[in-house]
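Shown next, in structure tokens, is the structure this report addresses.
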Protein chains: 2
Amino acid sequence: MNAPTVSMNARTAIFPPEPVQAVFASLASRSRPTSSYANGQEIYAEGQRATRIYRVEFGAVRVCHSLADGRRQILSFHLPGEWFGFGANSVHRFSAEAIGYTGIQSLGLTATMDLSSSLMPAVLQCLARAQDHQLLITRQCATERTAAFLSEMAERQGDRNLVQLPMARADIADYLGLTTESVSRSFTRLKDKGVIRFHGQRSIEIARWDMLQLLSE
Amino acid sequence: MNAPTVSMNARTAIFPPEPVQAVFASLASRSRPTSSYANGQEIYAEGQRATRIYRVEFGAVRVCHSLADGRRQILSFHLPGEWFGFGANSVHRFSAEAIGYTGIQSLGLTATMDLSSSLMPAVLQCLARAQDHQLLITRQCATERTAAFLSEMAERQGDRNLVQLPMARADIADYLGLTTESVSRSFTRLKDKGVIRFHGQRSIEIARWDMLQLLSE
DNA sequence: CGAAGCCTTGACCGTCATCAAACGGCGTGG
DNA sequence: CCACGCCGTTTGATGACGGTCAAGGCTTCG
């Protein structure tokens with residue numbers, strides 16, 4: 001297993017930055033080796049009992065919620081190295097699915113485990129992500145949202161020049177509260193403005209980072 | 001940047017739901033007595049150092065973020081008994097303001113936090129609310145969002161028949177990603193459908209809870 | 001090589017933002 | 001106590017953005 005490379009940002013100052021991977025290391029006995037999932041395969045389901053936490057090894061994951069009328073909302077994407085699926089001893093409020101061929105490591109939790117202090121930084125970061133996403137989708141304009149999404153993905157992948165999108169337009173749409181058509185149109189508009197360039201449908205070069213930031217606010 | 005990310009998917013997890021108030025009681029030594037704020041008064045500002053957490057005693061609080069162009073987004077409302085002000089990094093990412101005449105108790109945080117486990121339920125509730133709000137504002141229709149908002153407020157106030165709104169239409173609009181006009185029109189539509197009745201502009205009787213739920217999904 | 005997805009583009013239309021105006025409550029001051 | 005003015009709310013008219021429906025191009029995989 002790869003030693004998780006962790007660089008917790010300044011956000012978690014009050015709570016010590018290191019313990020998340022320490023938890024994982026110290027409890028490696030409860031961890032399972034990487035298991036792989038096919039594209040679209042469910043990792044856990046809504047309403048299912050939550051007893052483990054997960055870490056993306058390769059590929060990507062979407063956490064989503066389905067409405068009665070068939071509409072779907074995606075709450076978050078998770079890229080390699082990132083944790084998701086907290087909520088042990090309770091019931092999952094959302095489901096998680098693999099995007100493309102994906103490897104997942106998992107760690108079992110028990111009711112008596114006192115992980116609170118160790119997990120606090122992770123939970124706080126999760127909260128911060130949720131808040132950022134709130135701000136993103138409250139923005140009015142479709143192009144703004146799309147620009148913000150690209151900016152977010154670039155930051156998370158650590159390359160401000162080239163973004164590799166693992167997910168389909170439909171996933172992006174459900175994440176941004178748009179339709180696939182609108183996402184596509186937004187991409188086209190960004191391309192026409194010279195902000196981005198395509199190298200294949202899911203490989204996007206960011207030509208003008210400054211303009212992207214301007215649009216993302 | 002490749003910081004590990006954790007997605008919290010369940011409201012309660014391994015952390016018991018009750019001890020939040022107990023924390024406050026047991027650590028009263030670090031707490032400050034209730035201080036009161038006038039309508040619109042700032043409790044803390046964006047960029048300000050975050051050293052305390054807060055609890056609404058009476059009145060209400062809005063947590064908001066201002067964009068460069070003057071647009072404002074409200075991330076959350078907080079009602080009596082609720083905690084806010086986590087984001088608990090060294091610096092506040094958003095500001096908090098009183099809605100109406102409001103009483104706030106606060107609790108100082110130290111670098112050697114032993115409170116993690118005690119505060120975890122409150123943080124998790126914050127996170128669950130943020131996720132719920134994510135789902136809420138991804139809904140397309142203005143009336144759906146407004147109905148969901150009323151439903152949420154009714155649940156939080158513990159009365160499914162009568163909702164007392166402490167905040168102005170403009171606040172609701174910035175919370176739902178709409179305009180004051182759209183919020184007003186949505187209310188009117190709900191009224192015309194017989195779902196709600198007005199007893200004054202900010203006192204709303206829910207005549208048909210089932211229809212409200214149907215709209216809210 | 002064919003078929004099935006995925007993505008893009010176009011035309012049309014509904015919803016909501018915008019601009020504008022009128023209404024109502026509430027506090028202040030005459 | 002009433003008149004006035006301010007502010008929050010409601011209502012109306014208009015237009016733009018994005019959803020919907022439809023068609024066609026592109027990629028991928030059997």
Side-chain angles (χ1 to χ4, degrees), chain A residues 38-40 60 62 67 69-73 99-101 136-150 163-192 196-204 215, chain B residues 38-40 60 62 67 69-74 99-101 136-150 163-193 196-204 215:
Chain A
N39 182 28
R62 60 174 175 250
L67 299 178
D69 59 6
R71 284 181 297 181
R72 186 186 64 157
Q73 302 179 343
I99 298 176
Y101 182 65
L136 193 160
I137 54 184
T138 311
R139 273 188 239 304
Q140 295 82 342
C141 170
T143 308
E144 276 184 2
R145 292 191 211 179
T146 308
F149 169 74
L150 282 177
V163 179
Q164 299 287 348
L165 299 177
M167 72 290 286
R169 299 289 189 269
D171 288 333
I172 301 174
D174 289 340
Y175 181 65
L176 298 179
L178 300 170
T179 60
T180 61
E181 294 94 331
S182 290
V183 171
S184 182
R185 275 186 256 268
S186 295
F187 277 147
T188 302
R189 189 169 305 174
L190 289 174
K191 186 191 67 181
D192 291 344
I196 61 174
R197 274 193 282 272
F198 281 93
H199 299 92
Q201 288 174 329
R202 298 194 184 176
S203 179
I204 298 179
L215 285 170
Chain B
N39 183 28
R62 61 174 174 249
L67 299 178
D69 59 7
R71 286 181 295 180
R72 186 187 65 158
Q73 302 180 346
I74 292 183
I99 299 176
Y101 181 66
L136 193 160
I137 51 185
T138 311
R139 275 189 235 303
Q140 296 83 341
C141 171
T143 307
E144 275 183 2
R145 291 191 213 180
T146 308
F149 170 73
L150 282 178
V163 179
Q164 299 287 349
L165 298 177
M167 72 291 285
R169 298 289 188 269
D171 288 332
I172 300 174
D174 290 340
Y175 181 65
L176 298 180
L178 300 171
T179 60
T180 60
E181 294 93 332
S182 290
V183 171
S184 181
R185 275 186 252 269
S186 295
F187 277 147
T188 301
R189 189 169 304 176
L190 290 174
K191 187 190 67 181
D192 292 344
K193 281 185 178 176
I196 60 173
R197 274 192 283 270
F198 282 93
H199 299 93
Q201 288 175 329
R202 298 194 185 176
S203 179
I204 298 179
L215 286 169

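A, B, ... follow the sequence lines: proteins, then strands. Residue 1 opens every chain. From a predicted model like this one, the values you see are computed outputs, not experimental measurements.
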Degree of bending, the helix from C:dC1-D:dG30 to C:dG30-D:dC1 (end axes from five pairs; round to 10°): 30°

Point-to-point distance, once rounded to the nearest 0.5 Å, from CZ of A:Arg139 to CZ of A:Arg145: 10.0 Å

Atom-to-atom span, CD1 of A:Ile204 to C1' of C:dT8 - whole angstrom: 13 Å

Donor-acceptor pair between B:Thr179 and B:Ser182 side chains, under 3.5 angstrom: yes

Spacing between A:Met167 atom CE and C:dC7 atom C1', to the nearest angstrom: 16 Å

Distance in Å, B:Leu150 CG paired with B:Ile204 CD1, rounded so as to fall on 0.5 Å steps: 5.0 Å

Side chain to side chain donor-acceptor pair (under 3.5 Å) partners of B:Thr188, counting only residues at least two apart: none

Length of the CD1-P vector between A:Ile172 and C:dC6, whole Å: 13 Å

Spatial distance of atom CD1 (A:Ile137) from atom CD (B:Gln73) [nearest 0.5 Å]: 10.0 Å

Sub-4.5 Å side-chain heavy-atom contact between B:Arg62 and B:Arg72: yes

Spacing between A:Arg139 atom CZ and C:dA17 atom P, to the nearest angstrom: 16 Å

Nearest-angstrom distance from the residue atom CZ of B:Arg169 to P of C:dG24: 15 Å

Whole-Å gap separating P (C:dA17) and CD (A:Glu144): 14 Å

Position toward the 5' end of DNA chain D (nearest nucleotide), A:Gln201 or A:Arg145: A:Arg145

Qualifying residues under side-chain contact (heavy atoms from CB on, under 4.5 Å), relative to B:Tyr101, sequence neighbours excluded: B:Ser36, B:Phe58

Proximity to DNA chain D (any heavy atom under 4.0 Å), residues of residues 179-187 of chain B only: B:Glu181, B:Ser184, B:Arg185

Euclidean distance, A:Met167 CE relative to A:Asn39 CG, rounded to 0.5 Å: 12.0 Å

Partners passing ring pair (Phe, Tyr, Trp, His ring centres under 6.0 Å) against A:Phe149 (at least two apart in sequence or in another chain): A:Tyr175

Check: B:Asp174 and A:Thr138 side chains under 4.5 Å, non-hydrogen atoms: no

Start and end of the DNA chain D segment that chain A contacts, any atom under 4.0 Å from a heavy atom: D:dG18 to D:dC21

Gap between atoms CG and P, on A:Leu178 and C:dT8 respectively (whole Å): 14 Å

B:Thr146 side chain vs B:Ala142 backbone, donor-acceptor pair below 3.5 Å: yes

Nearest-angstrom distance from the residue atom CG of A:Asp171 to C1' of C:dC7: 13 Å

